[in-house]
Each structure stands twice: as C-alpha cells, then as structure tokens.
Amino acid sequence: MLRIDFNLIFTVINILLLFGGLWLVLFKPVRKILDERQAEADREYDDAKQKQAEADAAKEQYDASLAEIDQHRKETLDEARKKADDEYQRIIGHAEAQAKDITARAQTEAENQRKKILKSAEEEIADMVVEAAGKVAGTAEGADFDRSLYDEFLSKKAGDNS
C-alpha cells in the first residue's frame with residue numbers, strides 16, 4: 001500500500017512549486033510569445049487577403065479598361081473604314097463624271113471634225129465639179145450657174161439623208 005509520509009508531501013509540494021515556477025518563468029513567456037506570433041501571422045494573413053482583394057479589383061479595372069480600349073479601337077477602325085469608303089465612292093463618282101464629260105466632249109469634237117471634213121470635202125468636190133464643168137462648158141457665167149445647181153443638188157441630197 002501506499003504510505004503517505006512526510007517526504008511524499010514535500011515531493012508533491014516541490015513538484016507543484018517547480019511546476020508553478022516553470023509556469024511563471026517558462027510557459028507563460030513562451031505562451032505570450034506564441035500568442036504574439038499568432039497575432040502577427042493573423043495580421044499578415046489579413047494584410048495579404050486585403051492586398052489580394054486590391055489586386056483583384058485592380059485586375060478587374062484593368063480588364064474593363066482593356067475592353068473599353070478594344071471597343072474604342074473597333075469603333076475608330078469602323079469609322080475610318082466608313083470614311084475611307086465614302087471618300088473612295090466620292091473619288092470614283094468624280095472620276096466617272098469626268099470620264100463621261102471627257103467622252104461627251106470627245107464625241108462632240110469628233111462630230112464637229114467630221115462635219116468640217118465633210119464640208120471641206122463638199123467644197124472641194126464642188127470646186128472640182130465647177131472647174132470640170134467650166135472646162136467642159138468653157139464659160140465663166142456657166143460656172144456660177146453650175147455651182148448653184150450643184151449646191152441645190154447637195155442640199156436636196158442632205159435633206160434626203162436626214
């Protein structure tokens with residue numbers, strides 16, 4: 001059996017005093033240091049969470065800004081393409097109008113040249129006929145008469161061709 005004697009009581013008191021002393025000298029300061037380290041770790045963790053939230057917000061803002069810039073770029077390109085197409089159509093229309101004008105002037109000029117050539121040819125033929133008739137008839141008065149007859153013939157023929 002267990003005997004309770006005086007040594008046992010001193011041993012228990014010594015153990016309790018040793019435990020109390022260690023508690024005050026060792027466990028309490030160590031516990032305090034551990035609590036401080038835990039508080040510091042919690043603070044750093046909270047700071048990291050806050051910085052992560054700020055970084056996420058900045059990233060979302062960056063993405064939104066990037067999307068806005070991309071949209072603005074597309075709108076600017078579309079507008080530039082539309083302006084370029086309008087300018088192209090204007091230039092083409094102007095060029096076509098100039099081409100039509102040049103073609104019309106060339107046709108008018110060609111028609112005028114043709115009329116001049118025909119009139120010149122008619123005058124030369126009339127002169128040749130008058131000269132031939134004058135040589136055949138041999139009189140100068142007959143040349144005026146022949147010329148008037150030839151002019152009358154040409155005017156009738158021109159009226160028939162029209």
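Values in this document were obtained by computation on a predicted structure and should not be read as measured data.
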Beyond-backbone contact of K32 with K28, side-chain heavy atoms, under 4.5 angstrom: no
Under 3.5 Å donor-acceptor, S120 side chain and K116 backbone: no
Heavy-atom check, side chain of R81 versus side chain of L77, under 4.5 Å: yes
Carboxylate-amine/guanidinium proximity below 4.0 Å for E111 and R114: yes
Any T11 side-chain heavy atom under 4.5 Å of I15 side chain: yes
side-chain contact (heavy atoms from CB on, under 4.5 Å) partners of D42, counting only residues at least two apart: Q38
Gap separating the CD atom of E79 from the OG1 atom of T76, nearest 0.5 angstrom: 6.5 Å
Nearest heavy-atom neighbours spanning P29 and L26: CD-O, 3.4 Å
Rounded distance [0.5 Å steps], CD in E124 versus NZ in K119: 13.5 Å
Spatial distance of atom CG (N14) from atom CG (N7) [nearest 0.5 Å]: 10.0 Å
side-chain hydrogen bond (donor to acceptor under 3.5 Å, both in side chains) assessment of Q50 paired with D46: CA-CA 6 Å; Q50 182 182 3; D46 290 341; over 6 Å; no
Min side-chain heavy-atom separation N112-E109 under 4.5 Å: no
Neighbour count >12 (heavy atoms, 6.0 Å) for atom CD, Q61: no
D78 with K82: basic N within carboxylate O range, under 4.0 Å: no
Between CZ on residue R105 and OG1 on residue T108, distance to nearest 0.5 Å: 9.5 Å
Working for salt bridge (Lys or Arg N to Asp or Glu O under 4.0 Å), residues D70 and K74: CA-CA 6 Å; D70 191 44; K74 285 179 183 178; 3.7 Å; yes
same_hphob_cluster(L17, V25) at 4.5 Å side-chain heavy-atom cutoff: no
Criterion side chain to side chain donor-acceptor pair (under 3.5 Å) against Q71, the qualifying member of E68, R73, E75: E75
Whether F10 and F6 hold their rings parallel, tilted or perpendicular, with breakpoints at 30° and 60°: perpendicular
Atom pair CD1 (I33) and CD (E36), whose distance is rounded to the nearest 0.5 Å: 7.0 Å
Verify same cluster id: F19, V30 (apolar side-chain graph, 4.5 Å): yes
Interatomic spacing from NZ in K115 to CD in E122 - rounded to 0.5 Å: 12.0 Å
Evaluation steps, salt bridge (Lys or Arg N to Asp or Glu O under 4.0 Å), between R37 and E40: CA-CA 5 Å; R37 283 190 179 178; E40 180 68 26; over 6 Å; no
Under 4.5 Å side-chain linkage, directly or through intermediates, the cluster mates of L118: none
